[in-house]
Student: 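Mind having a look at this structure? Questions to follow.
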Amino acid sequence: MTTVQPRESETAKPVLRSAYQRSVAEYWNAEQDPVNLRLGDVDGLYHHHYGLGDYDPAVLEAPADRRDQAIIDEMHRLETAQAEVLLDHLGDVKPTDKLLDAGCGRGGTSIMANLRFGCEVDGVSISQKQVDFANEQARKRGVADRVRYHFRNMLDTGFETASRKAIWNNESTMYVDLHQLFAEHARQLEIGGRYVTITGCYNDVTGGRSKAVSQIDQHYTCNIHPRSAYFKAMQANNLVPISVIDLTAATIPYWELREKSSVATGVEAPFLQAYREGSFHYLLIAADRI
């Protein structure tokens, strides 16, 4: 396996600042999971998040020689629908605005945002491999002048203060301290700017991480936060929620279909258990910068 050597020339400070951040970067630099790559191959939009909405049960009845690809196509439709829901909540974005995709993965949502709004989008990731991949996709689509990906730390990006109309995290907040993250987002957002996250969080009511949630943490080398932590950290950093949507029921069909697919990774059972038992929630939170 080829080791990706990070380039830290984009910012003056080191991008990877702890042993944990280095371990996360190593995980994503080494990741070649078909559940991300094969789905992205459908139309060139490569995501690193899950799906929303009911799947078409007809894909499970497709002829044997086409069934697997039919399931892959349907899973990709659901994950793209998830990104559309996030973009729906970014507010009134104009072509002259600038957006930030914090924890951008292979960059699919950033490209979708540019296609929808016509604006500039910067994505940041601590995985150099993801950044290089995403920039190549932007180049292939002819949008590299408007969509750019950077090897930077989303806790300290180096971007200008009050330079962003909107910022989002799509399933990436579980890798960082929320107070540090929201402080940096608040710095970069203009007054009245919008922050949106879609994230998995454990249910405070159940009294801590369930076994299933701990298994998810272990699988992804992450640290899932309790639901309450999001609102406490937002309040402390001038981010006022305007919309909170429980997407848990809407994401379960994706996991049920993924469990039947050729790209299942083994983490499907903990996700389904955690969602069904109520120890884990899938939330969209939109907040305004005041």
Student: Given Leu60 and Ile71, is the side chain to side chain contact (heavy atoms under 4.5 Å, CB included) satisfied, shown in steps?
Tutor: CA-CA 7 Å; Leu60 299 175; Ile71 293 174; 3.9 Å; yes
Student: Within this structure, what is the OG1-OH distance for the pair Thr248 and Tyr282, rounded to the nearest 0.5 Å?
Tutor: 9.5 Å
Student: May I ask you to test the Val59-Arg67 pair for a side-chain heavy-atom distance under 4.5 Å?
Tutor: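 They are not in side-chain contact.
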Student: State plainly whether the residues Asp68 and Lys260 are in salt-bridge range, i.e. N to O under 4.0 Å.
Tutor: no
Student: Taking the six-membered ring of Tyr202 as reference, does the NZ or CZ atom of Arg209 fall below 6.0 Å from its centre and within a 45° cone about the axis?
Tutor: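 Output no; distance or angle outside limits.
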Student: With the side chain counted from C-beta on, respond yes when Asp288 and Arg194 share a heavy-atom pair under 4.5 Å apart, and no when they do not.
Tutor: yes
Student: Indicate if Val244 and Val240 have the same hydrophobic cluster label, given that clusters are the connected sets of ILVMFWY residues with side-chain heavy-atom separations under 4.5 angstrom.
Tutor: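 As far as the 4.5 Å side-chain criterion goes, Val240 and Val244 are not connected within one cluster.
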Student: Could Lys98 and Asp122 be called an ion pair, given the rule that one side-chain N must be under 4.0 Å from one carboxylate O?
Tutor: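 Answer for the salt bridge query: no.
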Student: Let me check something: do Ile290 and Phe182 share a hydrophobic cluster, defined by ILVMFWY side-chain heavy atoms less than 4.5 Å apart, either directly or through other members?
Tutor: no
Student: Go through Gln69 and Asp73 one step at a time and tell me if the side chain to side chain contact (heavy atoms under 4.5 Å, CB included) criterion holds.
Tutor: CA-CA 6 Å; Gln69 189 58 49; Asp73 291 349; 2.8 Å; yes
Student: On the six-membered ring of Phe280, is Arg227 placed so that its NZ or CZ lies under 6.0 angstrom from the centre and within 45° of the ring axis?
Tutor: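 Geometry flag: not set, cation outside 6.0 Å or 45°.
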Student: Any donor and acceptor pair, going by atom type alone, linking the side chain of Thr161 with main-chain N or O of Gln188 inside 3.5 Å?
Tutor: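 Absent.
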Student: Check for a donor-acceptor pair, side chain of Asp97 on one end and backbone N or O of Lys94 on the other, with a separation under 3.5 Å.
Tutor: yes
Student: Under 4.0 Å between a Lys/Arg side-chain N and an Asp/Glu carboxylate O for Arg17 and Asp156?
Tutor: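 Salt bridge present between Arg17 and Asp156.
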Student: Does one side chain, of Arg106 or His47, offer a donor that lies under 3.5 Å from an acceptor on the other?
Tutor: no
Student: Should the ring pair Tyr230 and His225 be called parallel, tilted or perpendicular, given that the plane angle runs from 0 to 90° and is split at 30 and 60?
Tutor: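 Correct class here is perpendicular.
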Student: Has Gln218 got more than 12 heavy atoms of other residues, nucleotides or ligands less than 6.0 Å from its CD?
Tutor: no
Student: Could you tell me whether the side chains of Thr173 and Thr199 share a donor-acceptor contact shorter than 3.5 Å?
Tutor: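 A pair is found: one side chain offers a donor N or O, the other an acceptor, under 3.5 Å apart.
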Student: Can Asp88 and Arg116 be counted as an ion pair, charged N to O under 4.0 angstrom?
Tutor: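 Salt bridge present between Asp88 and Arg116.
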Student: Is the backbone N or O of Val263 less than 3.5 Å from a side-chain atom of Arg38, with the two atoms forming a donor-acceptor pair by type?
Tutor: no
Student: Measure the spacing between CG of Leu39 and CG of Leu78 and express it to the nearest 0.5 Å.
Tutor: 9.5 Å
Student: Mind checking the OG1-NE2 spacing from Thr197 to His89? Nearest 0.5 Å is all I need.
Tutor: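 It comes to 12.5 Å.
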Student: Identify the two heavy atoms, one from Arg141 and one from Asp43, that lie closest to each other, and give their separation to 0.1 Å.
Tutor: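 Closest approach of Arg141 to Asp43, heavy atoms only: NH2-O, 2.9 Å.
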Student: Sub-3.5 Å donor-acceptor pair from the side chain of Glu184 to the main-chain atoms of Gln180, do we have one?
Tutor: no
Student: Which pair of non-hydrogen atoms, one from Ala81 and one from Leu52, has the smallest distance, and what is that distance?
Tutor: CB-O, 4.0 Å
Student: Do Arg258 and Leu272 come within less than 4.5 Å of each other through their side chains, counting heavy atoms only?
Tutor: no
Student: Within a strict 4.5 Å, meaning less than it, do heavy atoms of the Leu189 and Lys165 side chains meet?
Tutor: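 No - every pair of side-chain heavy atoms lies 4.5 Å or more apart.
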Student: Is a donor on one side and an acceptor on the other found under 3.5 Å between the side chain of Gln130 and the backbone of Ser125?
Tutor: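 Between the backbone of Ser125 and the side chain of Gln130 there is no qualifying donor-acceptor contact (under 3.5 Å).
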Student: Is any side-chain heavy atom of Thr251 less than 4.5 Å from a side-chain heavy atom of Leu247?
Tutor: no
Student: Can you list the steps and then say if Val124 with Asn153 is a side chain to side chain contact (heavy atoms under 4.5 Å, CB included)?
Tutor: CA-CA 7 Å; Val124 297; Asn153 193 316; over 6 Å; no
Student: Salt bridge or not between Arg148 and Glu120? Use side-chain N to carboxylate O under 4.0 Å.
Tutor: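 So Arg148 pairs with Glu120 through a salt bridge.
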Student: Taking side chain as C-beta onward, heavy atoms only, is Pro270 less than 4.5 Å from His219?
Tutor: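 Pro270 vs His219: side chains apart.
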Student: Verify the ring-centre separation between Tyr175 and Tyr220: is it less than 6.0 angstrom?
Tutor: no
Student: If you measure only the distance, is there a donor-acceptor pair under 3.5 Å linking the side chains of Ser228 and Asp204?
Tutor: yes
Student: May I ask you to test the Asp246-Leu284 pair for a side-chain heavy-atom distance under 4.5 Å?
Tutor: no
Student: Quick check: does any side chain N or O of Arg289 sit under 3.5 Å from a backbone N or O of Ala186, one acting as donor and the other as acceptor?
Tutor: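 A pair under 3.5 Å: yes.
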Student: Indicate the atoms forming the closest heavy-atom contact of Phe117 with Leu87, along with that distance.
Tutor: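 Shortest heavy-atom separation between Phe117 and Leu87 comes out as CZ-O, 3.9 Å.
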Student: Hey, could you give me the OG/CG distance between Ser172 and Leu181, rounded to the nearest 0.5 Å?
Tutor: 7.5 Å
Student: Identify whether Val267 and Tyr27 are in the same connected component of the hydrophobic contact network (ILVMFWY, side-chain heavy atoms under 4.5 Å).
Tutor: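 Yes, same cluster.
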Student: Main chain of Ser279, side chain of Glu277: is a donor-acceptor contact present, judged purely on distance under 3.5 Å?
Tutor: no
Student: Among Asn169, Asn237, Asn238, which one satisfies side chain to side chain donor-acceptor pair (under 3.5 Å) with His185?
Tutor: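 For His185, the side chain to side chain donor-acceptor pair (under 3.5 Å) test succeeds with only one of Asn169, Asn237, Asn238, which is Asn169.
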Student: Trp168 and Tyr195: aromatic ring centres closer than 6.0 Å?
Tutor: no
Student: Nearest heavy-atom pair of Gly44 and Gln137: which atoms, and what distance?
Tutor: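 Distance-wise, the nearest heavy atoms are O-OE1, 4.0 Å.
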Student: Would you confirm whether Arg164, through its side chain, and Leu100, through its main-chain N or O, come within 3.5 Å as a donor-acceptor pair?
Tutor: no
Student: Does Glu79 offer a backbone N or O that forms a donor-acceptor pair with the side chain of His49 under 3.5 Å?
Tutor: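 Side chain of His49 to backbone of Glu79: a pair is present.
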Student: For the residue pair Pro226 and Cys201, what are the closest heavy atoms and their distance?
Tutor: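 That would be C-CB, 4.1 Å.
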Student: Kindly work out whether a path of hydrophobic side-chain contacts (I/L/V/M/F/W/Y, heavy atoms less than 4.5 Å apart) joins Phe231 to Ile242.
Tutor: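 Shared cluster, no.
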Student: Tell me whether Ile224 is reachable from Tyr20 by hopping between hydrophobic residues (I, L, V, M, F, W, Y) whose side-chain heavy atoms are closer than 4.5 Å.
Tutor: yes
Student: Is a donor on one side and an acceptor on the other found under 3.5 Å between the side chain of Thr157 and the backbone of Met154?
Tutor: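 Absent.
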Student: Flag yes if more than 12 heavy atoms outside Gln235 fall under 6.0 Å of its CD atom; otherwise flag no.
Tutor: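 Result for CD/Gln235: open.
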Student: Are a donor atom and an acceptor atom from the side chains of Asn29 and Gln128 found within less than 3.5 Å of each other?
Tutor: no
Student: Mind running side chain to side chain contact (heavy atoms under 4.5 Å, CB included) on Asp33 and Leu37 for me, showing each step along the way?
Tutor: CA-CA 6 Å; Asp33 202 327; Leu37 295 173; over 6 Å; no
Student: Please tell me whether Phe133 and Tyr46 form a close aromatic pair, meaning their ring centres lie under 6.0 Å apart.
Tutor: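 Close enough - the centres of the two rings lie under 6.0 Å apart.
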Student: Does NZ belonging to Lys232 count more than 12 external heavy atoms closer than 6.0 Å?
Tutor: no
Student: Any side-chain donor paired with an acceptor under 3.5 Å for Asn170 and Gln82?
Tutor: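 Looking only at side-chain atoms, Gln82 and Asn170 do form a donor-acceptor pair, the distance falling under 3.5 Å.
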Student: Any side-chain heavy-atom pair from Trp28 and Thr221 closer than 4.5 angstrom?
Tutor: no
Student: Leu155 and Asp177: which non-hydrogen atoms are nearest, and at how many Å?
Tutor: CD2-O, 4.2 Å
Student: Would you give the length of the straight line joining atom CG of Leu257 to atom CD1 of Ile72, rounded to the nearest 0.5 angstrom?
Tutor: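 Atom-to-atom, Leu257:CG and Ile72:CD1 are 8.5 Å apart.
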